[in-house]
Every structure is written in C-alpha cells, then in structure tokens.
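Report on the structure given below.
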Amino acid sequence: MDARLNLYGTAVATKFARYINSAGKVVSDSTLPPATQELVKIRASQINGCGFCTDMHTKDAAHAGESAQRLHLVAAWREAKVFTDAERAALELTEQGTRIADAAGGVTDEAWANAAKYHDEDQLAALVSLIALINAYNRMNVIIQQPAGDYQPGQFG
C-alpha cells in the first residue's frame, strides 16, 4: 500500500509540515504530562481511524515507558482502572473535541469543568491545542491513506 501523496515530496506539504510540527513542539514542551499527551494522541487517532498515528503514538508511548496494559486499554478507558482521574478527564475532552460533529452541542460544560479540575490554564491550553493538532494530523494521513506499521520511535527527530 502506498500513500496517495508524499507529504514530504511537495513544497507546500513540506512547508505546512514544518509549521504544524513547530506548533506541536509548543505543546510537547508544555507542562501537560507527556503520558497524557500520548494518551490523547492515541485516543483521537483511534476515533479517527488513523492507523499511521495510532502506530506512531503507541510505539512512542511504549518507548517512553508506558505499559502495554494501559496502551491496550486506551480505547476502553471508561471501563479501565489504570488511568488517573486527570487522564480520564483529558480523554473525555479528547473524545468530545474529536467528535464535534457527532455531538449536537460540541464539548459539554461538564467535560470542560472536569478537565479544569485537574489541569491549570496552561495545561488546558496545551490540551486544547493538542486535540486540534492531532486531529489535523489524523485527517491529513487518512485523506492520503498513509500506510501504518513501519514507524520507528524517534523517526521524525
């Protein structure tokens, strides 16, 4: 399987990737816990059916020391006892922020208030930015049918 378009083979795509990756660095350098960042990226990628990002972020999380048990349970986080209340709040916000079209009112006040109980304003800003960013990556990869499975941790620097 080959991607429909090489995202690093055109001037426009390369320039866009450089800018979007810079935005990602702002989030990765924030005080939002790295484990939460990976869980958010995994869950949004699962919802969006982005195999490339699901592969990348599960491998990156495992490489950073995340347990296989937690990685296997991300899709069923509501029933899993292995996530903290803060992580659960972030995962709920991720789901609602990713499924905007599915929810008549978008993100609920309850989901926002719950996330705000565990995350300060900078972390909330990072969380919102991360949800938007991973959804953008997911959409790009799904549109071009980027194949999954070959990613190696640290491959992109």
Side-chain angles (χ1 to χ4, degrees), residues 1-10 12-100 102 111 115 118-119 122-157:
M1 175 178 186
D2 292 322
R4 292 173 170 161
L5 176 71
N6 178 355
L7 290 178
Y8 300 98
T10 69
V12 170
T14 300
K15 189 173 185 178
F16 182 77
R18 187 171 57 243
Y19 285 118
I20 199 167
N21 289 338
S22 293
K25 177 110 172 74
V26 171
V27 175
S28 64
D29 289 347
S30 75
T31 60
L32 187 65
T36 300
Q37 291 185 40
E38 289 301 330
L39 294 173
V40 164
K41 290 184 269 190
I42 293 164
R43 187 64 191 125
S45 299
Q46 290 171 335
I47 292 166
N48 289 323
C50 183
F52 184 81
C53 289
T54 301
D55 179 50
M56 173 191 290
H57 297 298
T58 54
K59 287 176 178 174
D60 282 347
H63 185 74
E66 188 61 76
S67 75
Q69 180 187 33
R70 283 172 40 100
L71 292 175
H72 292 304
L73 289 171
V74 171
W77 65 268
R78 283 181 179 80
E79 293 81 26
K81 298 189 282 184
V82 297
F83 301 106
T84 67
D85 289 341
E87 289 168 339
R88 296 166 84 65
L91 288 165
E92 179 64 33
L93 193 65
T94 300
E95 286 195 3
Q96 289 189 23
T98 298
R99 293 182 165 152
I100 291 173
D102 298 343
Y118 301 102
H119 301 94
D122 280 344
Q123 290 173 329
L124 285 170
L127 187 55
V128 169
S129 300
L130 180 59
I131 293 166
L133 183 66
I134 192 60
N135 274 278
Y137 281 121
N138 290 165
R139 279 153 178 75
M140 289 170 33
N141 286 317
V142 168
I143 290 167
I144 67 163
Q145 295 183 344
Q146 185 68 42
D150 294 332
Y151 176 79
Q152 297 298 314
Q155 175 177 325
F156 295 120

Shortest non-hydrogen contact from Leu133 to Ala23?
CD2-C, 4.4 Å
Pairs touching residues 132-157 that satisfy ring pair (Phe, Tyr, Trp, His ring centres under 6.0 Å), sequence neighbours left out:
Tyr151-Phe156
Is it the case that more than 12 heavy atoms not belonging to Asp29 sit under 6.0 Å from its CG atom?
yes
If you compare all heavy atoms of Pro153 against all heavy atoms of Lys59, which two are closest, and at what distance to 0.1 Å?
CG-O, 3.9 Å
Separation of Asn138 CG from Ile143 CD1 (nearest 0.5 Å):
10.5 Å
Quick one: side chain to side chain donor-acceptor pair (under 3.5 Å) partners of Tyr118, sequence neighbours excluded?
none
Rounded distance [0.5 Å steps], CD1 in Ile42 versus CE in Met56
11.5 Å
Side-chain donor/acceptor of Gln96 to backbone N/O of Leu93, under 3.5 Å:
no
Any chance the side chains of Glu95 and Trp77 put a donor and an acceptor closer than 3.5 Å?
yes
Any Lys15 side-chain heavy atom under 4.5 Å of Arg18 side chain
yes
Between atom CG of Leu39 and atom CZ of Arg88, what is the distance when rounded to the nearest 0.5 Å?
11.5 Å
Keeping Asp55 on the side-chain end and Gly149 on the backbone end, is there a donor-acceptor pair under 3.5 Å?
yes
Does a side-chain heavy-atom distance below 4.5 Å link Ser67 with Arg70?
yes
Any side-chain heavy-atom pair from Arg4 and Gln146 closer than 4.5 angstrom?
no
Shortest non-hydrogen contact from Ala13 to Leu7?
CB-O, 3.0 Å
Between the side chain of Glu87 and the main-chain N/O of Thr36, is any donor-acceptor distance below 3.5 Å?
no
Whether Asn135 side chain and Ile131 backbone form a donor-acceptor pair below 3.5 Å
yes
Shortest non-hydrogen separation from Val27 to Ala126 and the atoms involved
CG1-O, 3.8 Å
Do the side chains of Cys53 and Asn141 get nearer than 4.5 Å, heavy atoms only?
yes
Asn48 side chain to Cys50 backbone, donor-acceptor under 3.5 Å
no
Nearest heavy-atom pair of Val40 and Leu127: which atoms, and what distance?
CG2-CD1, 3.7 Å
Can you find a heavy atom in the side chain of Gln69 that is under 4.5 Å from one in the side chain of Leu73?
yes
Residue pairs meeting ring pair (Phe, Tyr, Trp, His ring centres under 6.0 Å), one or both in residues 18-67, sequence neighbours left out, come to none
Counting C-beta onward and ignoring hydrogens, is there a side-chain heavy-atom pair between Asp122 and Ser30 closer than 4.5 Å?
no
Scanning both residues in full, the closest heavy-atom pair of Gly49 with Val142 reads O-CG2, 3.8 Å
Hey, is the main chain of Thr94 close enough, under 3.5 Å, to the side chain of Arg43 for a donor-acceptor pair?
no
Whether the side chain of Gln37 engages the backbone of Leu32 through a donor-acceptor N/O pair (distance < 3.5 Å, no angle test) should be reported.
yes
Hey, what do you get for NZ (Lys41) to OG1 (Thr54), rounding to the nearest 0.5 Å?
12.5 Å
